[in-house]
Amino acid sequence: MDNIENREVKEALAEKILDKVSDGDVIGFGSGTTSYITAVKIGEKVLKEHLNITAIPTSNEIKEVCEKYGIKIGNLIENEINWAFDGADEVFLKDKWLIKGKGAAMFKEKLNIIASPITYILVDNTKIVDYLGQKCKVPIEVFPQALKYVSKELKKLGAEDITYRGFTENNNGILDVKFEKIEKDLEKRVKEITGVIESGLFLNYKNIEIITI
Ligand code: 5RP
């Protein structure tokens, strides 16, 4: 992966969790550039120390990195995650609220966070905001046939601007949505709309630890 913004900071963030990697671990691997850099560093450690690690990857790109370094690929049916790591697009530190999904992988990322006792969210300072939605729109993955209906319902929840981005790896549509205001029940209310697969809102997750520099 070339042209990664803030590469040095992301490498330093990855270094911060390397000592958590132990032989036999099942690790949830997030997606995006920070997760990619972290996956490569874990891979290098696995090769150097001959570790037996199983990954639950959240995208094809991260799965390929794991395979390249001899990390086994597991799944959420047969494996129990010991810990996970991921990046984020926006972080409101006080409440540990996140927006994720610029890489369109938030459905599998949320599944990993729910399944893992702890997820380390690695973010550089550019991701920290005064309120959620300050810089980023909220990605929403939608069953393709439901795109029109979901867009109409999102407007009732305060969506001011809705852009169609394309398809996810799950062959669903993805919308980027600017909300008038993000309040604590918005994640739940969006998910209640028939046709919504998942949103990039991560509100009220207690089992995450935000690691920054
Ligand atoms: C992908 C994600 C990423 O974690 C998020 O977009 C951050 O990416 P990056 O580390 O490249 O800034 O949620 O769905």
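As the structure lists them, so they are numbered: ligands from 1, and atoms in each ligand from 1. Side chains included, hydrogens not; waters and symmetry mates left out as well; all remaining heavy atoms used.
- With sequence neighbours excluded, the residues satisfying side-chain contact (heavy atoms from CB on, under 4.5 Å) with Asp185 are Glu183, Arg189.
- When each atom of ligand 1 is checked for a heavy atom of Gly87 under 4.0 Å away, the hits are 4 (O).
- Here the closest non-hydrogen pair linking Ile197 and Phe143 is CG1-N, 3.8 Å.
- In terms of protein heavy-atom proximity, atom 1 (C) of ligand 1 is closest to Glu109 OE2, 3.2 Å.
- Residue Glu5 places every heavy atom at 4.0 Å or more from ligand 1.
- Without hydrogens or angle criteria, Asp124 side chain to Lys10 main chain gives no donor-acceptor distance under 3.5 Å.
- Between Leu13, Asp89, Ile62, it is Asp89 that holds the heavy atom closest to atom 6 (O) of ligand 1.
- Regarding atom 9 (P) of ligand 1, its nearest protein heavy-atom neighbour is Thr33 OG1, 3.3 Å.
- A side-chain contact (heavy atoms from CB on, under 4.5 Å) with Met106 is found for exactly one of Ile140, Asp86, Ile99, Ile174, namely Ile174.
- Those atoms of ligand 1 with a heavy atom of Lys102 less than 4.0 angstrom away are 6 (O).
- To the nearest 0.5 Å, atom NZ of residue Lys156 and atom CD1 of residue Ile193 are 9.0 Å apart.
- For the pair Lys110 and Phe202, the cation-pi criterion (under 6.0 Å, within 45° of the ring axis) is fulfilled.
- Between Lys63 and Glu67 a salt bridge is recorded (basic side-chain N to carboxylate O distance below 4.0 Å).
- The contact set between ligand 1 and Gly103, taken as ligand atoms under 4.0 Å from a residue heavy atom, comprises 1 (C), 6 (O), 14 (O).
- The distance from ligand 1 to the heavy atoms of Gly32 drops below 4.0 Å at these ligand atoms: 8 (O), 11 (O).
- In terms of N/O distances under 3.5 Å, ligand 1 is approached by Lys100.
- Each of the following atoms of ligand 1 lies closer than 4.0 Å to a heavy atom of Gly101: 2 (C), 13 (O), 14 (O).
- Those atoms of ligand 1 with a heavy atom of Asp86 less than 4.0 angstrom away are 4 (O).
- Among all non-hydrogen protein atoms, the one lying nearest atom 12 (O) of ligand 1 is Lys127 NZ, 2.8 Å.
- Looking from atom 3 (C) of ligand 1 to the surrounding protein, the closest heavy atom is Ser31 O, 3.2 Å.
- With respect to atom 10 (O) of ligand 1, the closest heavy atom belonging to the protein is Thr34 OG1, 2.5 Å.
- For Gln134, the side-chain contact (heavy atoms from CB on, under 4.5 Å) partners two or more places apart in sequence, or in a different chain, are Glu90, Val129, Asp130, Tyr131.
- Remark: side-chain polar atoms of Asn82 are not paired, donor with acceptor, to backbone N or O of Ile27 under 3.5 angstrom.
- Proximity of Ser59 to ligand 1, defined as any heavy-atom pair under 4.0 Å, is not found for any part of the residue.
- Close contacts between ligand 1 and Ala104 involve ligand atoms 14 (O) [criterion: under 4.0 Å to a heavy atom].
- The local environment of CD in Glu8 is sparse, with at most 12 non-hydrogen atoms from other residues, nucleotides or ligands closer than 6.0 Å.
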